[in-house]
Each structure stands twice: as C-alpha cells, then as structure tokens.
There are 2 protein chains.
Amino acid sequence: MPDEEGHPLPAEMDLRTVLHALADPLRFGVIAGFLREADGTERTCASFQLPVSKSTTSHHFKVMREAGLLRMVDHGNSRTAVLRTKELDARFPGLLDLVRAE
Amino acid sequence: MPDEEGHPLPAEMDLRTVLHALADPLRFGVIAGFLREADGTERTCASFQLPVSKSTTSHHFKVMREAGLLRMVDHGNSRTAVLRTKELDARFPGLLDLVRAE
DNA sequence: CCTTAGGTTCGACTTGCATCGTACCTCTTG
DNA sequence: CAAGAGGTACGATGCAAGTCGAACCTAAGG
C-alpha cells in the first residue's frame, strides 16, 4: 500500500492512472521539465511557476505523486519533488523516453 | 491535416492526445484487445461488446481514431477498425509495448 | 515572537467528458 | 422496396476533474 504521503510502490503503479496524470498539459510540462534536468534533480513545486493558483499547483503535484511519477522529499523548510526515474523505467520501460522525445 | 475521416498523419499525432485516449478504461481495453490479436486484425466496433450504448461506443472509437490509434476501413456493408501498429511504433516507440505488457 | 516562504486542505464553482436516446445514413438481403 | 445490421451525428444530462480563495501548517530567520 502507498505510504503516508501517497507514494505507491512500483508494483502498485497503474498504467492508466499514470497515463491520465500525463495527459494534462500542466502535469506533462512538469514531467518534461524534470527530464530536461539532470537525473535526480530536486525542485520545489513553486519553481515551475505554473499559471494557476497555489492550491491548484498542489493538486497537480498530488495527482503525479499518487500516480507514482514524483516523490516528495521533506527538507524541513521546503519540500521538493523528484522524478522517480529508476522506478518508472523499471515498471514502465520506454514511458519516460516518450515524454523526453516530445 | 487529418483526412475526411479524421485520421491524423503520424507527424500530426499528439502524445498527450494519445495518452488521454488510452487513459479511459474502455478505450484501453479495446487497444489491449487488438494487441492480443494478430497484427493487422480488423474488427467491427460492435465486436467488442462494450457495456455502453451504441452511440457511446461510436464516440470512443472516434476519440481513438482522431488520436491516431485506429484506422477505420470501409467495407461497404460494415466498417472495421484496425490498430495502426506500424505508424504508432514509428511515432511513439515503446508505447504499444507498454499497453501490451499490461 | 512574529513574519515569510512553501505546501496542504477544504468547500464551492465551473468546465469537460462519458453517457444516453433519438434520428439518420449506407449497404445488404429477402 | 422494405427491413435489418453497423455506424454516425446531435442535444441533453450527470458526474468527474480542474480551478480558485481562504484558512492552516511547518520551518527558517530576523
């Protein structure tokens, strides 16, 4: 089962849920943004400056987190998100490459 | 531009549109159904016996057709759908493998 | 201790999408 | 020509999802 922050294990990740998460333009842009950075790059939600309110931004990150795309890391002061590259490549080989190619 | 039946060329296919088409359970099931058959298999919309009305079935096939997943072939009496395997593999390598692996 | 920065949660609103029934189209077959 | 099979188009409806503002939480730093 997902942990207290809603992160599913790779085996629990559902392809349709992931596809739905990626189908939204803003969320797709966030994942594409991570793929343009070095693997393991951590970023705050705010750093993406999405053209929506803070609460909507939080909602989108929750969808990605619960789909298994992102992991939230607590740093005391600010929380950061990191793309679960390794786990996604193992569970859905080729998926991130498709996003990267776009 | 898409032809008169709404089939996009591979270059016109949009990944997000394809992901959205695949995110629906019924549509995902149809594509998965095609992948269980021999490549090039043609099937009528009705042959899937989706648990929805005829008009809803037609709607779902339209979404898949306009995303580029399916091509409709006119046979005079009945129209059949066929998965655009080659074009999809070329445009989005690995995508169909993900669906197949599910 | 108060302020600020970064996120979350909640309730409300609004848009989008799946769904349906009805009507219509085309081709085949009796 | 009428009837039936397979699909499409359209308008209406209901639910899911995106959006927002306001209130709240935690940690850092003056």
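Worth saying up front: this structure is predicted, and the values here are computed from it rather than measured. Sequence lines set the chain letters: A, B, ... in the order given, protein chains first and strands last, and positions in each chain run from 1.
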* **Protein-nucleotide distance (B:Met64, atom CE; C:dA18, atom C1'), rounded to Å** => 13 Å
* To do: Could you state the atom-to-atom distance from NE2 of B:His60 to C1' of D:dG7 in whole Å?
  => 15 Å
* Asked: Does any pair with a residue in residues 45-69 of chain B pass salt bridge (charged side-chain N to carboxylate O under 4.0 Å, His left out), and if so which ones, sequence neighbours excluded?
  -> none
* **side-chain hydrogen bond (donor to acceptor under 3.5 Å, both in side chains) partners for B:Glu42, two or more places apart** => B:His75, B:Thr80
* To do: Could you check which residues of residues 15-29 of chain A get a heavy atom under 4.0 Å from DNA chain D? Sort them by number, please.
  => A:Leu26, A:Arg27
* To do: Respond yes when some side-chain nitrogen or oxygen of B:Ser78 is under 4.0 Å from OP1 or OP2 of D:dA5, and no when none is.
  => no
* **Any pair counted as salt bridge (charged side-chain N to carboxylate O under 4.0 Å, His left out), so long as it reaches residues 90-102 of chain A, sequence neighbours left out** => A:Arg91-B:Glu102, A:Asp97-A:Arg100, A:Glu102-B:Arg91
Filtered N/O pairs between nucleotides 27-30 of chain C and protein, under 3.5 Å:
unit_1, atom_1, unit_2, atom_2, d
C:dC27, O3', B:Asn77, N, 3.4

* Can you sort out the partners of B:Ser58 under side-chain hydrogen bond (donor to acceptor under 3.5 Å, both in side chains), two or more places apart, ordered by chain and number? => none
* Asked: Which residues satisfy the side-chain hydrogen bond (donor to acceptor under 3.5 Å, both in side chains) test with A:Thr41, sequence neighbours excluded?
  -> none
* **A:Thr56 vs A:Leu50 side-chain heavy atoms within contact, under 4.5 Å** => no
* Structure fact -> B:Leu50 atom CG is separated from C:dC20 atom C1', nearest whole Å, by 15 Å
* Structure fact -> When rounded to whole Å, the CZ to P distance for the pair B:Phe48 and D:dG6 reads 14 Å
* Name all pairs fulfilling the ring pair (Phe, Tyr, Trp, His ring centres under 6.0 Å) condition that reach into residues 41-68 of chain B, sequence neighbours left out, sorted by first residue then second. => B:Phe34-B:Phe48, B:Phe48-B:Phe61
* Pair listing, side chain to side chain donor-acceptor pair (under 3.5 Å) test, anchored in residues 13-22 of chain B, at least two apart -> B:Asp14-B:Thr17
Within the sub-3.5 Å range, which N or O atoms of nucleotides 8-11 of chain D have a protein N or O partner, and how far apart are they?
unit_1, atom_1, unit_2, atom_2, d
D:dT8, OP1, B:Arg65, NH2, 3.1
D:dT8, OP1, B:Arg79, NH1, 2.9
D:dT8, OP2, B:Ser58, OG, 2.8

* Structure fact -> Residue pairs passing the salt bridge (charged side-chain N to carboxylate O under 4.0 Å, His left out) test with at least one member in residues 21-36 of chain B, sequence neighbours excluded, are none
* Asked: Can you find a heavy atom in the side chain of A:Leu15 that is under 4.5 Å from one in the side chain of B:Leu22?
  -> no
* Structure fact -> Sorted by chain and residue number, the side-chain hydrogen bond (donor to acceptor under 3.5 Å, both in side chains) partners of A:Asp74 (sequence neighbours excluded) come out as none
